[in-house]
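Here's the structure, in structure tokens; my notes come after.
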Number of protein chains: 2
Amino acid sequence: MNCDCDLEDRLDPDLFRALSDPNRLMILSGLAHCCDEPRSVSEVATELPIDISVVSRHLSALRDSGVLAAERTGRSVRYRVRYSALAGLLRGLADAIEGCQQGCCGSDCADDSGSVLTTVGGGD
Amino acid sequence: MNCDCDLEDRLDPDLFRALSDPNRLMILSGLAHCCDEPRSVSEVATELPIDISVVSRHLSALRDSGVLAAERTGRSVRYRVRYSALAGLLRGLADAIEGCQQGCCGSDCADDSGSVLTTVGGGD
DNA sequence: TGCACGTTTGCGCACTCATGCAAGTGATAT
DNA sequence: ATATCACTTGCATGAGTGCGCAAACGTGCA
């Protein structure tokens, strides 16, 4: 597919996988409301009904997928949300998706090119 | 948390769950490059190395999560990408995340309000 | 009515994953 | 050095999921 929208490169299963668990989303939401103020593992764990070892694993998963950043201070590890990176990823994905709709790809799929024009603005 | 960014409402585990499988993402990417031209289950299945019954299940999952729209024409079911809905969801989520960073929430987390200003522009 | 086609669903299997507990690691304080 | 604190890492278990095969379902055609 001769397309310039880079959609398949932006569709990362690992990122969505990290965001597919309710407890991980609660962790992300809680950290996001901290206004860039980092939180330690034990602080995050106090707000959740799961074992602190599980929280540690969830935080590591969110860090590995690029959602959170970790920083060691003394004997505690403080996590914070990578706001700009995450928002940028989501916006880039939104742009790539809408770019595909407007016919960025070549001739392999657009077997009737007129439909592109007739459906602009009328979709979902 | 007295926050007006609606972050936890936008963080839907089911949506991310639907996007967490590589084969489902290949289906979505393939359909997105069709420029709003619907594809039937069997047409989608020809481009994937998995059984058509599995493809049918994947398409249903993507439809249930709001990513795809389905329409029956004769004895075939044609799926298409809900470009605007999906892009809008992602942009709304990006806005909500960045809104949290800039201190939309109240006093429960921002225990030193000065850090909000000093970290603007210097994040991740 | 009978048949062919496209799609969906039941079922079993293999695999992944979230969870809790316990043990291990690293850093600080006494 | 020893103890304590914060976090991480095996390990086992139960739940969830992707997969293929076969049967069922729905639709259109002869």
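So you know, we letter chains A, B, ... as the sequences are listed, proteins then strands, and number each from 1.
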Q: Would you kindly give the CD1-to-C1' distance between B:Ile27 and D:dG18, to the nearest whole Å?
A: 12 Å
Q.
Please classify the nucleic acid contact of A:Pro22 as base, sugar-phosphate, or nothing, using heavy-atom distances under 4.0 Å.
A. nothing
Q | Nucleotide C:dT19, atom P - distance to CZ of A:Arg24 in whole Å | A | 8 Å
Q | Any donor-acceptor pair under 3.5 Å from A:Asp21 side chain to A:Arg24 backbone | A | yes
(Q) Does D:dC19 have OP1 or OP2 under 4.0 Å away from a side-chain N or O of B:His58? (A) yes
(Q) If you assign A:Ser60 and A:Arg75 each to the DNA chain D nucleotide with the nearest heavy atom, which residue ends up on the more 5' nucleotide? (A) A:Arg75
(Q) If I take atom CG in residue A:Asp64 and atom P in nucleotide C:dC17, what distance separates them, rounded to the nearest angstrom? (A) 13 Å
Q: Nearest whole angstrom, please: distance from the C1' of C:dT7 to the CG of B:Leu62.
A: 16 Å
Q.
In whole Å, I'd like the distance from the CD atom of B:Glu43 to the P atom of C:dG6.
A. 10 Å
(Q) In whole Å, I'd like the distance from the CD1 atom of A:Ile50 to the C1' atom of C:dC17. (A) 13 Å
(Q) Given D:dA6, D:dC19, C:dT8, identify the nucleotide with an atom nearest to the side chain of B:Val41. (A) C:dT8
**Q.** Pair of N/O donor and acceptor under 3.5 Å linking C:dG10 base with B:Arg57 side chain
**A.** yes
Q: Record whether the side chain of B:Arg72 comes under 3.5 Å of the base of D:dG26 through a donor-acceptor pair of N or O atoms.
A: no
Q: Could you pick out which residue, A:Ile52 or B:Arg78, lies toward the 5' side of DNA chain C when each is mapped onto its nearest nucleotide?
A: B:Arg78
Q: For the pair A:Ser20 (side chain) and A:Arg17 (backbone), establish whether a donor and an acceptor sit closer than 3.5 Å, ignoring hydrogens and angles.
A: yes
**Q.** Pairwise 5' ranking along DNA chain C for B:Val77 and A:Asp51, keeping only the more 5' one
**A.** B:Val77
Q.
Tell me whether the side-chain N or O atoms of A:Ser53 pair up with the base of C:dC21 as donor and acceptor below 3.5 Å, since no angle test is needed here.
A. yes
Q: State whether A:Ser56 places a side-chain N or O below 4.0 Å from either non-bridging phosphate oxygen (OP1 or OP2) of D:dT8.
A: yes
Q) Can you check the A:Tyr79 OH to D:dA6 C1' distance for me, whole Å? A) 12 Å
Q: To the nearest Å, give me how far apart CG (B:Leu59) and P (D:dC19) are.
A: 12 Å
Q: Could you tell me whether the side chain of A:Tyr79 and the main chain of A:Arg63 form a donor-acceptor pair under 3.5 Å?
A: no
Q) Would B:Arg57 and B:Ser60 count as having a side-chain donor-acceptor pair, cut-off 3.5 Å? A) no
Q) Pick from B:Leu31, B:Leu15, B:Leu19: which one makes a side-chain contact (heavy atoms from CB on, under 4.5 Å) with B:Leu62? A) B:Leu19
